[in-house]
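Notes follow the structure.
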Amino acid sequence: MSMSSSGGGADDRLHSGAGLHPAGLARRPGVRRPRRRTGHRQAGRTRVEPRGSHVVCVGRRAEPTEAVAEEVGGSAFLGDAQDRPTMQRLFETIDAEHGRLDGIVDIIAIGIQGGILTMGDDDWQWQFDNVLRHAYLALQIGSPLMAGDGGGTVTLVSSVHGHAVWEQPALGYAVAKAALNHLTRVTAVELGPMGIRVNAASPGLHTTPRWQGKGDEWYEAVAQAHPLRRVGHPSDVASVILFLASELSRNVTGQVLVVDGGLTLQSPPAVAPDAAGGFSRS
């Protein structure tokens with residue numbers, strides 16, 4: 001069974017490599033050819049679809065949550081994934097109505113711009129709750145239900161902000177995503193003996209709604225900065241989520257799989273033409 005959640009953000013917040021949503025899978029997910037979408041959550045629902053399973057979509061707003069549920073033939077559960085009583089009620093409902101939970105896919109995150117000299121206490125705490133609390137609750141409350149039926153998968157969505165530093169700082173978001181990466185590793189070790197695998201996908205820049213106003217020249221310039229010379233589509237991230245949530249990755253756990261076209265593999269530009277590294281033997 002699958003959970004999936006939606007939400008929105010303000011103008012001063014950055015959508016990460018995924019939109020606002022947690023999700024879980026209740027029988028093993030099937031594969032479906034992707035249709036063109038504008039965001040990771042839309043692409044995710046076209047790829048992580050069930051064969052003989054039921055999908056529970058979790059969101060705060062009725063219209064988008066019910067739309068996703070209708071598209072995948074699932075059901076909608078309205079509530080805030082950062083609220084413990086709501087998450088307890090969610091998993092109790094799944095257990096009562098469906099009898100099992102095979103996986104969770106958690107895709108909630110919005111980033112606030114700002115560095116160490118400008119971020120206030122409220123924004124710092126909000127950012128950590130926005131990136132981490134729902135994942136913490138889903139793992140803590142959902143894992144026993146999965147373990148009782150022999151195990152399952154938890155797939156989190158991180159960001160390259162969690163392991164790389166960019167010129168425009170998003171301090172709280174970056175540090176929280178780094179914490180999410182380690183949450184993946186720590187819980188993978190703890191939950192492994194219960195038959196539960198925990199992994200994360202870490203997207204870079206993709207053609208999400210945040211970049212819809214950009215022209216072809218901008219996309220071409222951005223593509224040239226990537227070793228693969230292309231800007232990723234949200235379906236590229238959905239494919240990795242599907243891999244991590246399925247039996248295709250049955251011996252993979254505790255991993256953060258980067259989905260950025262090779263962008264963060266590269267060294268920064270040389271500080272001088274003759275300082276790019278490499279030496280001759282003479």
Side-chain angles (χ1 to χ4, degrees), residues 1-7 16-32 34 37 39-51 53-59 64-65 68-69 71-77 79 81-82 87 90-91 94 98 100-109 131-143 145-146 151-159 177 180-181 183-184 187-188 191 196-203 206 234-250 252-257 259:
M1 141 143 344
S2 199
M3 299 177 318
S4 184
S5 110
S6 298
S16 73
L20 197 61
H21 16 329
L25 304 175
R27 314 291 184 274
R28 304 304 177 199
V31 180
R32 173 183 172 192
R37 299 284 176 177
H40 290 289
R41 53 179 174 243
Q42 290 91 342
R45 71 188 184 227
T46 66
R47 282 302 192 98
V48 184
E49 279 198 355
R51 287 178 176 167
S53 69
H54 187 84
V55 181
V56 178
C57 304
V58 183
T65 306
V68 174
E71 182 174 347
V72 300
S75 58
F77 182 95
Q82 296 182 41
M87 292 294 274
L90 166 65
F91 288 108
I94 290 172
H98 306 286
R100 62 181 290 168
L101 175 68
D102 288 329
I104 297 169
V105 179
D106 183 287
I107 318 177
I108 296 181
V131 171
L132 288 165
R133 181 163 176 79
H134 48 85
Y136 156 73
L137 291 174
L139 281 158
Q140 186 178 79
I141 303 171
S143 293
L145 180 57
M146 280 191 287
T153 65
V154 179
T155 307
L156 308 177
V157 175
S158 184
S159 167
K177 284 294 188 180
L180 186 72
N181 292 345
L183 176 69
T184 300
T187 54
L191 300 177
I196 298 172
R197 298 188 295 107
V198 185
N199 292 290
S202 181
H206 288 74
S235 62
D236 298 324
V237 181
S239 297
V240 172
I241 293 172
L242 175 60
F243 167 69
L244 294 174
S246 73
E247 288 297 305
L248 292 171
S249 60
R250 64 185 181 183
V252 177
T253 195
Q255 302 304 305
V256 179
L257 186 52
V259 193

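A pairwise comparison of heavy atoms in Met87 and His134 identifies CE-O, 4.1 Å as the closest pair. Of all heavy-atom pairs between Val131 and Ala109, the closest is CG2-CB, 4.5 Å. Of all heavy-atom pairs spanning Val237 and His206, the tightest one is CG2-NE2, 3.5 Å. Smallest separation of non-hydrogen atoms from Ala69 and Ala76: CB-N, 3.7 Å. Shortest non-hydrogen contact noted between Ala135 and Leu156 is CB-CD2, 4.1 Å.
Counting only distance, with no hydrogens or angles, the side chain of Ser249 and the backbone of Leu244 share a donor-acceptor pair below 3.5 Å. Between the side chain of Ser246 and the main chain of Phe243, a donor-acceptor pair closer than 3.5 Å is present.
Put simply, the side chain of Ile196 reaches to within 4.5 Å of the side chain of Val154, judged on heavy atoms. You'll find the side chain of Val68 stays beyond 4.5 Å of the side chain of Val55, heavy atoms only. Counting heavy atoms from C-beta outward, Leu180 and Lys177 have side chains that approach closer than 4.5 Å. Counting only heavy atoms from C-beta outward, the side chains of Ile108 and Arg133 never approach each other to under 4.5 Å.
In this structure, the separation between CD1 on Ile104 and CZ on Phe91 is 4.0 Å, given to the nearest 0.5 Å. Going from atom OG of Ser75 over to atom CD1 of Ile94 covers 8.0 Å, rounded to the nearest 0.5 Å. To the nearest 0.5 Å, atoms CG (Asn181) and OG (Ser159) are separated by 9.0 Å. We find the CG-OG1 distance between Leu101 and Thr153 to be 8.5 Å, quoted to the nearest 0.5 Å. For the atom pair CD of Glu71 and SG of Cys57, the computed distance is 9.5 Å after rounding to the nearest 0.5 Å. The distance from the OG1 atom of Thr253 to the CG atom of Leu191 is 8.5 Å, given to the nearest 0.5 Å.
Each of Val240, Asn199, Ile241 was checked for a side chain to side chain contact (heavy atoms under 4.5 Å, CB included) with Leu257, and the lone residue meeting it is Val240.
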